[in-house]
Amino acid sequence: MAKESQQPARRHAARRALVTGAATGIGRATASRLAAEGAAVVVNYIGDSGPAESLVNDIEGAGGRAVAIAADVSNEEQVTAMFGQAREELGGPVDLLVNNAGIEKPFPLVDMPLDEWNKVLSVNLTGAFLCAREAARGMIAARAPGAIVNVSSVHEVIPWPSFGHYCASKGGMKLWAQSVAKELAPHGIRVVNVAPGAILTPINQALVDDPEKAREVQEEIPWGRLGKPEEIAATIAWVAGSEADYVVGTTLFVDGGMTLYPKFV
Ligand code: BGC
């Protein structure tokens, strides 16, 4: 039977996945989904281990395999150590990386502290690079094909005042991903970006809690609602699987139509 006809439920059996920033939001939903589809999953987190450990317990309780590993993705040594530990715990190199960890905090250009600029670029872009480098090294050495999925944003293409650092990180992620997609394709490693719009995650909690802001955002979305983390997780699970084998070096926008610029008439 062709791989394509496998039930999605077992789509990622025998896969060794690592999801960064997996304690909450899109990362959490993605780790959960990949585990439910058969992958052994590294739940990367930073800070409090509680949410990551509880996710690992949930996954194991459902019969899946997962391990929580703390690492700051912007720190080279910590990233290298995490991939080493992942290899030991999962019994081989990671063959599915989901670069999800991301941060944002608004500052107009004239008030932007260098420190904040650097922090956002370090986590969102340098973190993706460091993790992709380790993942690619492992897959190439083992001659194991695989996938790298970057959680980008509609702000790959939509400018966003006061979020210049964030837009720089996501715009950078677009061309970086396309460049490494070309490098890695001969090794059978697909690189794809998934670009969410406004999703109901902790990053957007303030927005959800403020009815006026929530209404404004809904007006930016032709589909009329914010997205759910599970909807992004489902897209990532598909795009990382064999059915999406011909999806290479592109960005899949999952945004309820936000990139259609609904206010532009
Ligand atoms: C940001 C969200 C924002 C959304 C749409 C995402 O990349 O993380 O805070 O709501 O883009 O603007």
Side-chain angles (χ1 to χ4, degrees), residues 19-31 44-47 51 73-74 98-109 111-112 116-129 131 149-178 192-236 239 250-264:
V19 183
T20 66
T24 59
I26 292 169
R28 188 178 187 92
T30 301
N44 161 256
Y45 69 97
I46 190 167
V73 295
S74 68
V98 181
N99 268 324
N100 167 75
I103 54 171
E104 64 187 53
K105 190 172 173 191
F107 291 95
L109 170 64
D111 299 326
M112 174 83 71
E116 293 291 339
W117 169 272
N118 283 339
K119 233 193 284 180
V120 167
L121 268 294
S122 299
V123 173
N124 298 10
L125 189 55
T126 307
F129 147 66
C131 291
V149 181
N150 303 302
V151 180
S152 170
S153 166
V154 290
H155 300 295
E156 250 193 29
V157 293
I158 301 181
W160 196 11
S162 297
F163 287 83
H165 49 357
Y166 187 76
C167 290
S169 74
K170 298 302 184 178
M173 183 176 248
K174 171 184 154 64
L175 220 44
W176 166 72
Q178 290 177 330
V192 182
N193 284 6
V194 169
I199 309 298
L200 292 160
T201 66
I203 247 181
N204 277 325
Q205 197 55 48
L207 191 150
V208 176
D209 292 344
D210 179 336
E212 180 59 19
K213 277 195 190 147
R215 194 187 51 76
E216 277 173 21
V217 171
Q218 273 163 22
E219 281 175 8
E220 303 280 6
I221 309 168
W223 208 245
R225 65 169 175 84
L226 275 74
K228 300 176 204 146
E230 292 73 23
E231 291 173 307
I232 307 303
T235 306
I236 293 170
V239 92
T250 192
T251 296
L252 209 51
F253 289 89
V254 188
D255 64 353
M258 195 178 237
T259 36
L260 300 177
Y261 298 91
K263 289 198 169 164
F264 185 81

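In listed order, ligands and their atoms are each counted from 1. Computed over heavy atoms, backbone and side chain alike; hydrogens, waters and symmetry mates excluded.
Of the possible donor and acceptor atoms, one in the side chain of K170 sits under 3.5 Å from a partner among the backbone N and O of V151. Checked by atom type and distance alone, the side chain of D255 never pairs as donor or acceptor with a backbone atom of P196 at under 3.5 Å. Side-chain atoms of T20 come within 3.5 Å of backbone N or O of A101 as a donor-acceptor pair.
Nearest protein heavy-atom neighbour of atom 4 (C) of ligand 1: G197 O, 3.6 Å. Of the protein's non-hydrogen atoms, the one nearest atom 1 (C) of ligand 1 is E104 OE1, 3.2 Å. Considering only non-hydrogen protein atoms, atom 5 (C) of ligand 1 sits nearest to H155 NE2, 3.5 Å. Looking at atom 3 (C) of ligand 1, its nearest protein heavy atom turns out to be W160 CH2, 3.7 Å. If you check which protein heavy atom lies closest to atom 10 (O) of ligand 1, you get N204 OD1, 3.2 Å.
Atoms of ligand 1 lying under 4.0 Å from any heavy atom of Y166, numbered from 1 in the order shown and given with element: 1 (C), 6 (C), 7 (O), 8 (O). Heavy-atom contacts of I203 reach the following atoms of ligand 1: 8 (O), 9 (O) (cutoff under 4.0 Å).
Counting heavy atoms closer than 4.0 Å to ligand 1, residue M258 contributes side-chain atoms (C-beta onward) but none from N, CA, C or O. With a 4.0 Å heavy-atom cut-off, ligand 1 is reached by no atom of V217.
Between E216 and K213 no salt bridge is recorded (no basic side-chain N to carboxylate O distance below 4.0 Å).
Considering backbone and side-chain N/O of S153, one or more are found under 3.5 Å from N/O of ligand 1.
Looking only at side-chain heavy atoms (C-beta outward), N100 and I236 stay at 4.5 Å or farther from each other.
Within the 4.0 Å heavy-atom shell around ligand 1 one does not find E220.
Residues N150 and A128 share a closest heavy-atom pair of OD1-CB, 4.4 Å.
Residues meeting the side-chain contact (heavy atoms from CB on, under 4.5 Å) test with A22, sequence neighbours left out: V19, A31, V43.
Around CH2 of W160, the count of heavy atoms belonging to other residues, nucleotides or ligands within 6.0 Å exceeds 12.
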